[in-house]
Asker: 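First the structure, then my questions, so here it is.
In what follows, every chain begins at residue 1, and chains take the letters A, B, ... in the order their sequences are listed. The structure displayed is predicted, hence computed values, not measured ones.
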2 protein chains.
Amino acid sequence: MRIVKEAAERKNEILDAAEELFAARGYEGTSTGDILDRVGIARGTLYYHFRSKEEILDALIERLNRTMIARAEKAAGDRNIPVVERIIRTILCMNPETGGFPIGHEVMEQVHKPQNALMHQKMQQGLLDGVVPVITRLVEEGNAQGIFHTGYPQETTEMLVLYSGIAFDSRLGGEPEQEARRVRAFIHNTEILLGAESGSLEAPMALLFTQVK
Amino acid sequence: MRIVKEAAERKNEILDAAEELFAARGYEGTSTGDILDRVGIARGTLYYHFRSKEEILDALIERLNRTMIARAEKAAGDRNIPVVERIIRTILCMNPETGGFPIGHEVMEQVHKPQNALMHQKMQQGLLDGVVPVITRLVEEGNAQGIFHTGYPQETTEMLVLYSGIAFDSRLGGEPEQEARRVRAFIHNTEILLGAESGSLEAPMALLFTQVK
DNA sequence: TCTAAACCGACAGGTTGTCGGTCGATGCGC
DNA sequence: GCGCATCGACCGACAACCTGTCGGTTTAGA
């Protein structure tokens with residue numbers, strides 16, 4: 001049977017299927033045939049809409065990142081909230097556990113398995129490109145308000161974002177003790193790097209954590 | 001023609017070939033057939049020595065990491081040199097450009113291309129596992145000497161090592177201006193995080209950079 | 001001579017991407 | 001309202017490749 005749909009709609013169907021399958025079996029573990037079956041289309045159709053399997057991954061990650069960036073920008077833009085808190089909220093946005101993600105956690109589960117290194121790399125790059133500018137602006141705002149004193153806002157933000165990736169990752173550290181230590185170290189070092197007053201991050205951070213978890 | 005060799009020797013031959021090929025074409029871009037041809041052995045022989053293609057990659061990375069860790073430990077162990085300088089030297093060890101690597105730069109060139117995400121991930125993990133403990137000890141030594149004041153030696157080291165990966169990477173930043181900024185930010189933030197005296201890292205760092213480049 | 005480690009290469013099974021051809025909605029002249 | 005041309009969406013057989021297996025063979029050495 002043959003069903004014709006608009007290109008954009010079909011593309012989204014394919015991405016939906018890819019998202020579920022990648023989440024369940026990982027990128028390498030999913031064949032284009034699996035996607036075909038789930039969407040219910042033929043081989044040629046898939047390659048009519050996407051040039052390659054990797055292009056599907058790229059499109060999917062872009063879609064995921066778009067929603068995440070939107071959240072981050074919303075969190076960052078609320079001018080009623082103090083800057084410190086906005087920074088924390090924005091950083092938490094990146095993390096599926098603490099960010100209340102609309103997308104399945106399973107994707108993130110998979111992302112760290114060795115078979116999905118490509119997925120992981122692309123997502124991380126997307127994070128750096130997308131979230132870093134948002135947070136950098138906040139840091140500069142804090143500088144202007146005189147509550148931060150950072151010589152290198154962008155680079156410092158890069159450092160923090162990069163580390164937050166492993167600090168908030170329960171699938172990595174091994175012992176839970178180590179994980180907790182990383183989070184504490186992250187908060188502490190963030191204060192130091194931003195030149196914020198000692199303890200000024202700790203309190204709102206602790207608050208948000210309990211809210212979120 | 002049939003040539004029999006000791007297992008260890010053959011294994012090394014295979015790793016040599018894999019190293020050259022991965023360096024030239026990347027991991028995904030190299031087929032086991034390519035390795036077979038280069039070593040001059042048959043399919044079965046390869047799989048007699050290694051269980052899978054990925055196991056070849058693992059063994060190769062372990063071999064590379066071993067030599068790198070050895071260099072790092074040598075740099076870290078020289079008790080005649082002040083701690084600050086040892087830390088810098090050790091960090092530079094990780095970087096192929098600044099570390100005077102025995103292995104080909106080409107491997108590192110490849111490592112950042114999207115096709116080699118797996119290779120990249122495994123190498124980075126090896127770095128974290130291998131070098132972080134070495135540097136952590138140095139940081140603790142600095143703490144004991146009273147020239148550093150770090151609350152979280154290990155986690156701070158993790159942060160620095162992680163960021164050094166992108167700071168010293170000429171293939172990433174795009175504009176050379178940005179790259180230089182990252183290096184400056186790295187030095188600056190290292191001082192701050194370690195609680196070292198302002199400027200105490202800058203001087204030896206600059207010195208080593210000119211020595212190395 | 002016997003054994004076991006090292007080696008061989010055909011082969012099964014699975015994967016990605018291509019390509020010529022088909023179908024169906026849409027617009028147009030009539 | 002009705003044939004008809006057009007083109008985007010779709011199909012599935014197929015080529016090319018790639019990894020890992022397995023039964024069998026060779027060689028070194030006890």
Asker: Please determine, for the side chain of B:K53, which listed nucleotide (D:dT19, C:dC7, D:dC11) has the closest atom?
Answerer: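 The nucleotide sitting nearest to the side chain is D:dT19.
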Asker: By nearest atom, which of the nucleotides D:dT19, C:dT16, C:dA6 is closest to the B:R43 side chain?
Answerer: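 Within the option list, the nearest is D:dT19.
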Asker: Provide, to the nearest angstrom, the distance between the CD1 atom belonging to B:I3 and the C1' atom belonging to D:dT25.
Answerer: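 Distance, rounded to whole Å: 16 Å.
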Asker: Just checking A:F186 against A:F168, ring centres under 6.0 Å apart?
Answerer: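 Aromatic pair counts; centres sit under 6.0 Å.
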Asker: Determine: side-chain N/O of B:T32 to OP1/OP2 of D:dC18, distance under 4.0 Å, yes or no.
Answerer: no
Asker: Do any side-chain nitrogens or oxygens of B:H49 fall under 4.0 Å of OP1 or OP2 in C:dA5?
Answerer: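 Checking C:dA5 against B:H49, no side-chain N or O comes under 4.0 Å of OP1 or OP2.
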Asker: Does A:R51 place a side-chain N or O at less than 4.0 Å from the phosphate oxygens OP1/OP2 of C:dG17?
Answerer: no
Asker: Any non-hydrogen side-chain atom of A:E28 less than 4.5 Å from a side-chain atom of A:M119?
Answerer: no
Asker: Of the nucleotides D:dC10, C:dC7, D:dG12, which one has an atom closest to the side chain of A:A42?
Answerer: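 Comparing D:dC10, C:dC7, D:dG12 against the side chain of A:A42, the answer is D:dG12.
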Asker: When the distance from CG of A:N12 to P of D:dA9 is rounded to whole Å, what number comes out?
Answerer: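 To the nearest whole Å, that distance equals 14 Å.
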Asker: For salt bridge (charged side-chain N to carboxylate O under 4.0 Å, His left out), just list the numbers for B:E85 and B:R89, CA-CA rounded to whole Å, side-chain angles, deciding distance to a tenth of an Å, and then say yes or no.
Answerer: CA-CA 6 Å; B:E85 195 167 322; B:R89 281 177 192 272; 3.1 Å; yes
Asker: Yes or no on salt bridge (charged side-chain N to carboxylate O under 4.0 Å, His left out) for A:R63 and A:D58, after CA distance, side-chain angles and deciding distance?
Answerer: CA-CA 9 Å; A:R63 202 175 75 167; A:D58 287 337; over 6 Å; no
Asker: Grab the CG-P distance between A:L46 and D:dA9 for me, whole Å please.
Answerer: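 Spelled out: CG on A:L46 to P on D:dA9 is 14 Å.
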Asker: Think B:K53 forms a cation-pi with B:Y27, using NZ or CZ under 6.0 Å from the six-ring centre and within 45 degrees of its axis?
Answerer: yes
Asker: With a 3.5 Å cut-off and just heavy-atom distances, do the side chain of B:R2 and the base of D:dT25 make a donor-acceptor pair?
Answerer: yes
Asker: Calculate the interatomic distance between B:E9 atom CD and D:dA28 atom P; express it in whole Å.
Answerer: 13 Å
Asker: Rounded to whole Å, please give me the gap between CZ in A:R10 and C1' in C:dC23.
Answerer: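 It works out to 14 Å between those atoms.
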Asker: Grab the CG-P distance between B:L36 and D:dG20 for me, whole Å please.
Answerer: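 The answer, rounded to whole Å, is 12 Å.
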Asker: How long is the line joining CD of A:E28 and P of C:dG14, in whole Å?
Answerer: 18 Å
Asker: Choose from D:dT19, C:dT16, D:dC11 the nucleotide whose nearest atom is closest to any side-chain atom of A:Y47.
Answerer: C:dT16
Asker: Please check the phosphate of C:dA6 (OP1 and OP2 only) for any side-chain N or O of B:T45 closer than 4.0 Å.
Answerer: no
Asker: Let's see if you can work this out: which of D:dG20, D:dG8, C:dA6 has an atom nearest to the side-chain heavy atoms of A:Y48?
Answerer: D:dG8
Asker: Measuring from the side chain of A:I41 (C-beta onward, heavy atoms only), which nucleotide among D:dC11, C:dC8, D:dT19 has the closest atom?
Answerer: D:dC11
Asker: If I take atom CD1 in residue B:I14 and atom C1' in nucleotide D:dT19, what distance separates them, rounded to the nearest angstrom?
Answerer: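 It is 15 Å, rounded to the nearest whole Å.
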